[in-house]
Amino acid sequence: MASEPAILPVGIETEGNTWLHPGAAAFDFRSDTKTCPTRSMLEAVCRASHGDDVSRSDPTTNDLEAHVASLTSRDAALFVLSGTMGNQIALRSLLNQPPHSVLCDDRSHVFNNEAGSISSLSGALVIPVTASNGRYMTLEDILKRVDLRSTVHSCPTRVICLENTLAGMIMPLSETRRISAFARSHGIKLHLDGARLWEAVAARAGTLTEYCSLFDTVSLSFSKGLGAPVGGILVGSYEVIGRARWVRQSIGGGVRQPGLLTAAARVAIDETFAGGLLARSHTMAEVVAVHWMKCGGKLKYPTQTNMVWLDLEGQSFSLTELTEKGQKDGLLISRDRLVFHYQISDEAVRKLKSLISNLTSDI
Ligand SMILES: Cc1ncc(COP(=O)(O)O)c(C=O)c1O
């Protein structure tokens, strides 16, 4: 039997230590943020450098930034503490001063779930747009709402913000190209909330380079399906990332010794993304979505990556019953959205399918 790596501090592997016992995550369908960090992440943390990133002298962090810039074929990258921080720093960096507006999907994270910070941090009006196809915004949807005026009454759109994946759905490369060409031809900047762009790439919708070349800034998250405990990264040109570094400092996001965070993030990229582990979570989601439909269920949104959205309208059971019965089987479910990640076990999928069979056959 292989001996334990000497690098682990004595006593670290105690019973219930979630670093090394990802048991709970294996049954957790609430979110892909619920993964447990792995042994290789912990080992990487132990090896991480302790340089100061405010003065850009932390090798582990510099390496991560250089690696992601190279993976996405962009000039530069900037580590950030969260997806929210990445999006808001990007928007602040792309904008100058009011009056200005940011156009985004009305279901997007930046509009609904970032504490209103487009207005508080950037002083921008938000223009929410409804995706008429129910999946992703098209150029035609955007044309109905974009403000191209320069009159005294206008609030010109300076940034269009897309999200991919959104609710687990992919924004196709072809539509992204159309929107990007339109934005560029009108001097409008384009940001992508790519917290889960990794999933679209794993589903072979396009490469990181193909998507990232179409935007001024892209934020990517390490703590969703990739499975790192903390962080995200922003990519773009030298100029915009230089400005983003300044904005990050202004909101207290400059970190003295982030090596332990960036070391774990690098493992998440190498092992979960490059290691091809995301595809399995898509297959599991597909299996459950098909089972749900075979049992007569409908989906709120198509399953294209790692999320299954159950349409519970007209079902004989409620969301509360679903979550309570799931809990009895040891499954964690909190919404009509089931999220799959690479640590979900086959046993959890089996239990979930049988829960669905039981609930849908109840009269
Ligand atoms: C699409 C999307 N963007 C951004 C975020 C924000 O990430 P964080 O929770 O790290 O701030 C989330 C969080 O769930 C998200 O789903």
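Atoms within a ligand are numbered from 1 in the order they appear, just like the ligands themselves.
- Remark: Lys300 engages Asp336 in a salt bridge, criterion side-chain N to carboxylate O under 4.0 Å.
- With a heavy-atom cut-off of 4.0 Å, Thr84 touches ligand 1 through backbone and side chain alike.
- Between Asp106 and Arg145 there is no salt bridge, since no side-chain nitrogen of the basic residue lies less than 4.0 Å from a carboxylate oxygen of the acidic one.
- If you check which protein heavy atom lies closest to atom 13 (C) of ligand 1, you get Lys224 CE, 3.1 Å.
- Surrounding CZ of Arg56 are at most 12 heavy atoms belonging to other residues, nucleotides or ligands under 6.0 Å away.
- The side chain of Asn87, and not its backbone, has at least one atom closer than 4.0 Å to an atom of ligand 1 (non-hydrogen atoms only; side chain from C-beta on).
- Among protein heavy atoms, atom 15 (C) of ligand 1 sits closest to His109 CD2, 3.3 Å.
- Protein heavy atom nearest atom 3 (N) of ligand 1, with residue, atom name and distance: Asp193 OD2, 2.6 Å.
- Polar contact with ligand 1: absent for Ser221 (N/O pair, distance under 3.5 Å).
- A salt bridge does not link Asp105 with Arg135: every distance from a Lys NZ or Arg NE/NH1/NH2 to an Asp or Glu carboxylate oxygen is 4.0 Å or more.
- Side-chain N or O atoms of Ser223 include none that pairs as donor or acceptor with a backbone N or O of Ala228 at under 3.5 Å.
- Summary of contacts: the protein heavy atom closest to atom 1 (C) of ligand 1 is Glu163 OE2, 3.3 Å.
- Considering only non-hydrogen protein atoms, atom 10 (O) of ligand 1 sits nearest to Gly83 N, 2.8 Å.
- The same ILVMFWY cluster, assembled from side-chain heavy atoms under 4.5 Å apart, contains both Leu64 and Leu81.
- The parts of Ser82 lying near ligand 1 are both backbone and side chain, judged by heavy-atom distances below 4.0 Å.
- Atom 16 (O) of ligand 1 has its closest protein heavy atom at Arg196 NH1, 2.8 Å.
- For Asp193 (side chain) and Ala195 (main-chain N/O), a donor-acceptor pair under 3.5 Å exists by modelled atom type.
- Contact between Met85 and ligand 1 is absent, with no heavy atom of the residue lying under 4.0 Å from the ligand.
- Note on Glu347 versus Arg350: no salt bridge recorded, every NZ/NE/NH1/NH2 to OD/OE distance being 4.0 Å or above.
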